Each structure stands twice: as structure tokens, then as C-alpha cells.
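Notes follow once the structure below has been shown.
Side-chain atoms are counted along with the backbone in the values below, which use heavy atoms only and exclude waters and symmetry mates. What you are looking at is a predicted structure, and each value in this text was computed from that prediction instead of being measured.
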Amino acid sequence: MNSDSLAKSVNTNPVVIRRLLSQLTKAKLVLTVRGKSGGVKLARDSASINLKDVYVALSPSESIAPRNKSPHKECAVSCAMYTIMSSVADGTQKATLKYLETQKLSDLARKVSKSHANN
């Protein structure tokens, strides 16, 4: 499938798809072939790819990482906020990655097929 077809199927711009495919290619999750008869396919079996792989490939930074701003020295909340929120962000990231690791691409594909058959 090419980026134009993928973009149309998810109702977005082909540029967005090409940017995502570039990141997924760098992570060795997909193979891309350029040109008129080109397209994209999974680099390995969908049962061996989990959503953690995809998530890490597309967003390597922490999703809720706190900003490290200079605290207001006279405010206990301000002084403690970065340390507290760093711990929250770390726990959230670990929980998210642990869950995403259980979600195989092949399982999601089966759900799509089942959902499509029911419509």
C-alpha cells in the first residue's frame, strides 16, 4: 500500500503518513519501497510487533514529563513540584509501556477484521 492510499483510509494528509512511515522505517518496523510501484509493508510478522514498539518509534520522549522551571524559593509546592511530577511521569510511562507491550499488532488486526465483518 502506498502513502496516498494509507492517508485516504485514515482520513489524513499523505505528508503525515510519510512522516510516520519514516519513523517506523528507522525503527525497522516497516519496509518501504519508493517509486510508482512502491509501497509499505511490515518488516516482520505482526504477531512479533507490539504497540510498545510502535509507541517508542513514534514518541520516544515521555508523554507527561514535567518542565524543569526554576522554582519560587518561598513556595514549598513550587520547590517540590518537579521531583513529585517526575515520579508521576515515570510511573505513568512505565505503566503505559507495560500495557502497550501486551497489545500485539496481529490481535488488533483481528479486531479490525471482526469489527468490519459486523458492520
Quick one, [X] and [Y] - any side-chain contact, counting heavy atoms below 4.5 Å?
| X | Y | answer |
| --- | --- | --- |
| Ile17 | Thr12 | yes |
| Arg110 | Ser106 | yes |
| Val10 | Leu6 | no |

For Arg19, enumerate each residue passing the salt bridge (Lys or Arg N to Asp or Glu O under 4.0 Å) test, keeping only those at least two apart in sequence or located in another chain.
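Arg19 satisfies salt bridge (Lys or Arg N to Asp or Glu O under 4.0 Å) with no other residue.
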Considering residues at least two apart in sequence or located in another chain, which fulfil the salt bridge (Lys or Arg N to Asp or Glu O under 4.0 Å) criterion with Lys94?
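If we apply the salt bridge (Lys or Arg N to Asp or Glu O under 4.0 Å) test to Lys94, skipping adjacent residues, the hits are Asp90.
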Output a table of donor-acceptor pairs, distance under 3.5 Å, between side-chain atoms of residues 46-53 and any protein atom two or more places apart or on a different chain; print 'none' if there are none.
unit_1	atom_1	unit_2	atom_2	d
Ser48	OG	Arg44	NE	3.2
Ser48	OG	Asp45	O	2.8
Asn50	OD1	Lys52	N	2.9
Asn50	OD1	Asp53	N	2.9
Asp53	OD2	Arg44	NH2	3.2
Asp53	OD2	Asn50	N	3.0

Applying the 4.5 Å side-chain criterion to the ILVMFWY set and letting contacts propagate, would Leu108 and Leu100 be lumped into a single cluster?
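Yes.
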According to a 4.5 Å side-chain heavy-atom criterion applied to Ile, Leu, Val, Met, Phe, Trp and Tyr, with indirect links allowed, do Val40 and Leu58 form part of one hydrophobic cluster?
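Yes, Val40 connects to Leu58 through the hydrophobic network.
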If we ignore hydrogens and angles and just use 3.5 Å, is the side chain of Ser59 paired with the main-chain N or O of Tyr55 as donor and acceptor?
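Indeed, once roles are kept as given, a pair shorter than 3.5 Å links the two residues.
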Show your working on side-chain contact (heavy atoms from CB on, under 4.5 Å) between Val56 and Leu97 and close with a plain yes or no.
CA-CA 9 Å; Val56 169; Leu97 293 176; 4.1 Å; yes
Could you pull out the closest heavy-atom pair between Arg18 and Ser3, with the gap in Å?
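Shortest heavy-atom contact: NH1-OG, 2.8 Å.
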Could you tell me which residues satisfy side-chain contact (heavy atoms from CB on, under 4.5 Å) with Thr25, sequence neighbours excluded, listed by chain and number?
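Expected list: Val30, Thr32.
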Just distance, no hydrogens or angles: give the donor-acceptor pairs under 3.5 Å from side chains in residues 72-84, sequence neighbours left out.
unit_1	atom_1	unit_2	atom_2	d
His72	ND1	Glu74	N	3.3
Ser78	OG	His72	N	2.8

If the condition is side-chain hydrogen bond (donor to acceptor under 3.5 Å, both in side chains), which residues does Asn13 pass it with, not counting sequence neighbours?
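Result, side-chain hydrogen bond (donor to acceptor under 3.5 Å, both in side chains) vs Asn13: none returned.
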